[in-house]
A.B. asks: 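Quick one: structure below, then a few questions.
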Amino acid sequence: MSTINVTIQRATADRLPEIREVFLDSALYDHYFTREGRLDDILSTAVAKGDLWLALDSRGEVVGAMQVELTGFFGAFPYLALLGVKKRFRGMGVGHTLLQVYEGVARAMGYRKTSLLVSSFNPRAKALYQSMGYRKVGYVPDAILPGLDENIMVKTL
């Protein structure tokens, strides 16, 4: 598949409906966001805190999004709380670009490490993170919901 160039910017509340579409039709949505309003609450809170970033294609369409909590990993270093790419743009480098921005922001803020969780049901995401140098440092069964296990991954910058 080909790659696309994207522009990364902070999210604003007026784009929330478009951002929500990024996560529809994904395993992440099916496992974590089926309760009415849960995804909207998370996205709205992230926008209000300045923690939500967007990937836009050349036409300005929202093709990906990520939530970055700068002191999310026990206050020690940044945590990637959420990453999604709209279905028809998966495999085109959008997730890779978002991760590069995440790491760049962390470096610019003086952090030496970044972290994330990846669900055991999401091997494609785990492969992406591993390809970018993240390594598994832990495993949490039933981390967020019963039956949903998470891999803790960290990258030294």
Side-chain angles (χ1 to χ4, degrees), residues 1 4 6-75 77-106 114-130 132 134 136 138-155:
M1 222 176 231
I4 64 166
V6 294
T7 302
I8 308 298
Q9 68 181 43
R10 290 259 172 111
T12 54
D14 61 311
R15 303 222 59 179
L16 284 169
E18 295 171 86
I19 300 165
R20 186 178 197 284
E21 288 181 26
V22 167
F23 297 97
L24 299 179
D25 201 11
S26 72
L28 195 64
Y29 184 86
D30 293 342
H31 286 88
Y32 289 118
F33 301 118
T34 55
R35 183 181 57 82
E36 187 66 33
R38 179 170 161 74
L39 177 60
D40 296 327
D41 291 345
I42 289 170
L43 295 176
S44 296
T45 300
V47 166
K49 292 168 64 178
D51 291 346
L52 197 62
W53 297 74
L54 304 179
L56 306 172
D57 72 2
S58 61
R59 297 170 297 133
E61 179 179 351
V62 176
V63 299
M66 69 176 171
Q67 179 187 0
V68 174
E69 297 176 3
L70 286 176
T71 58
F73 198 84
F74 304 108
F77 44 89
Y79 168 65
L80 182 67
L82 189 61
L83 177 76
V85 176
K86 197 178 281 187
K87 186 172 183 175
R88 73 178 188 274
F89 295 95
R90 293 179 193 151
M92 296 180 159
V94 176
H96 187 268
T97 300
L98 284 164
L99 281 168
Q100 287 177 319
V101 169
Y102 166 53
E103 294 168 8
V105 168
T114 54
S115 65
L116 56 88
L117 294 179
V118 62
S119 304
S120 57
F121 63 78
N122 203 346
R124 185 175 174 158
K126 186 176 181 183
L128 168 64
Y129 302 141
Q130 288 173 322
M132 292 191 63
Y134 286 83
K136 181 178 171 180
Y139 182 77
V140 184
D142 301 324
I144 299 167
L145 293 172
L148 298 179
D149 305 333
E150 297 288 335
N151 296 287
I152 303 168
M153 300 186 83
V154 173
K155 179 177 180 177

A.B. asks: Rounded to the nearest 0.5 Å, how far does CD of E69 lie from NZ of K49?
C.D. replies: 5.5 Å

A.B. asks: Please report the interatomic distance NZ(K86) to OG(S26), rounded to the nearest 0.5 Å.
C.D. replies: 12.5 Å

A.B. asks: On a heavy-atom basis, which atom in L80 and which in Y102 lie closest, and how many Å separate them?
C.D. replies: N-OH, 3.1 Å

A.B. asks: Indicate yes or no for a side-chain donor-acceptor contact from D142 to the backbone of G147 under 3.5 Å, with no hydrogens or angles considered.
C.D. replies: yes

A.B. asks: Please examine the side chains of D51 and V68, heavy atoms only from C-beta on, and report whether any two atoms are closer than 4.5 Å.
C.D. replies: no

A.B. asks: Do any N or O atoms from the side chain of S119 and from the backbone of N122 form a donor-acceptor pair under 3.5 angstrom?
C.D. replies: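 The answer is no, because no donor-acceptor pair under 3.5 Å joins these two groups.
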
A.B. asks: Output yes when a side-chain donor or acceptor of T114 lies under 3.5 Å from a complementary backbone atom of V154, and no otherwise.
C.D. replies: no

A.B. asks: To check you understand the geometry: which heavy-atom pair defines the closest contact between A55 and V94, and what is its length?
C.D. replies: CB-CG1, 3.8 Å

A.B. asks: Determine, step by step, whether R20 and F33 satisfy the side-chain contact (heavy atoms from CB on, under 4.5 Å) criterion, reporting the C-alpha distance in whole Å, the side-chain angles of both residues, the deciding distance to 0.1 Å, and the verdict.
C.D. replies: CA-CA 10 Å; R20 186 178 197 284; F33 301 118; over 6 Å; no

A.B. asks: Please round to the nearest 0.5 Å and tell me the distance separating atom OG1 of T45 and atom CD of Q67.
C.D. replies: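 One gets 8.5 Å once the value is rounded to the nearest 0.5 Å.
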
A.B. asks: Decide yes or no for V63 and M92: does some side-chain heavy atom of the first lie under 4.5 Å from some side-chain heavy atom of the second?
C.D. replies: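 No - every pair of side-chain heavy atoms lies 4.5 Å or more apart.
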
A.B. asks: Distance check, rounded to the nearest 0.5 Å: M66 atom CE versus I19 atom CD1?
C.D. replies: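 If we round to the nearest 0.5 Å, M66:CE and I19:CD1 are 12.5 Å apart.
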
A.B. asks: Side chains of L82 and L43: does their closest heavy-atom pair fall under 4.5 Å?
C.D. replies: yes

A.B. asks: Return the minimal non-hydrogen interatomic distance between K155 and M132, and the atom names on each side.
C.D. replies: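 Nearest heavy atoms, K155 then M132: NZ-O, 2.6 Å.
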
A.B. asks: Going by heavy atoms in the side chains, are E150 and I144 under 4.5 Å from each other?
C.D. replies: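 E150 reaches I144 side chain to side chain.
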
A.B. asks: Test R15 against L56 for side-chain contact (heavy atoms from CB on, under 4.5 Å), laying out the working first.
C.D. replies: CA-CA 11 Å; R15 303 222 59 179; L56 306 172; 3.8 Å; yes

A.B. asks: Any idea which heavy atoms bring V6 and I8 closest together, and the distance?
C.D. replies: CG2-CD1, 3.9 Å

A.B. asks: Which atom names give the shortest non-hydrogen contact between L24 and R90, and what distance separates them?
C.D. replies: O-NH2, 3.9 Å

A.B. asks: Where do I4 and F89 come nearest, in terms of heavy atoms and distance?
C.D. replies: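 Heavy atoms only, the tightest pair is CD1-CD2, 3.6 Å.
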
A.B. asks: Should L70 and V105 count as side-chain neighbours, where that means a heavy-atom distance under 4.5 Å?
C.D. replies: yes

A.B. asks: Is there a side-chain contact (heavy atoms from CB on, under 4.5 Å) between S44 and L16 once you walk through the steps?
C.D. replies: CA-CA 7 Å; S44 296; L16 284 169; 3.6 Å; yes

A.B. asks: Do Y134 and L128 have side-chain heavy atoms sitting under 4.5 Å apart?
C.D. replies: no

A.B. asks: Would you indicate whether K87, at its atom NZ, is surrounded by more than 12 heavy atoms from other residues, nucleotides or ligands within a distance under 6.0 Å?
C.D. replies: no

A.B. asks: Mind checking whether F121 and D30 have side chains closer than 4.5 Å, heavy atoms only?
C.D. replies: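 When only atoms from C-beta onward are counted, D30 and F121 do not touch, as no gap falls below 4.5 Å.
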
A.B. asks: When rounded to the nearest 0.5 angstrom, what is the spacing between CZ in F73 and OH in Y79?
C.D. replies: 9.5 Å

A.B. asks: I'd like to check the salt bridge (Lys or Arg N to Asp or Glu O under 4.0 Å) partners of R10; sequence neighbours left out, ordered by chain and number.
C.D. replies: none

A.B. asks: Just by distance, do the side chain of K126 and the backbone of S120 share a donor-acceptor pair under 3.5 Å?
C.D. replies: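 It does not hold such a pair.
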
A.B. asks: Evaluate D149 against V140 for side-chain contact (heavy atoms from CB on, under 4.5 Å), listing each step before the verdict.
C.D. replies: CA-CA 6 Å; D149 305 333; V140 184; over 6 Å; no

A.B. asks: Scan for ring pair (Phe, Tyr, Trp, His ring centres under 6.0 Å) pairs involving residues 37-61, sequence neighbours excluded, and state none if there are none.
C.D. replies: none

A.B. asks: A side-chain contact here means heavy atoms from C-beta on lying under 4.5 Å apart; do E18 and E61 qualify?
C.D. replies: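 They are not in side-chain contact.
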
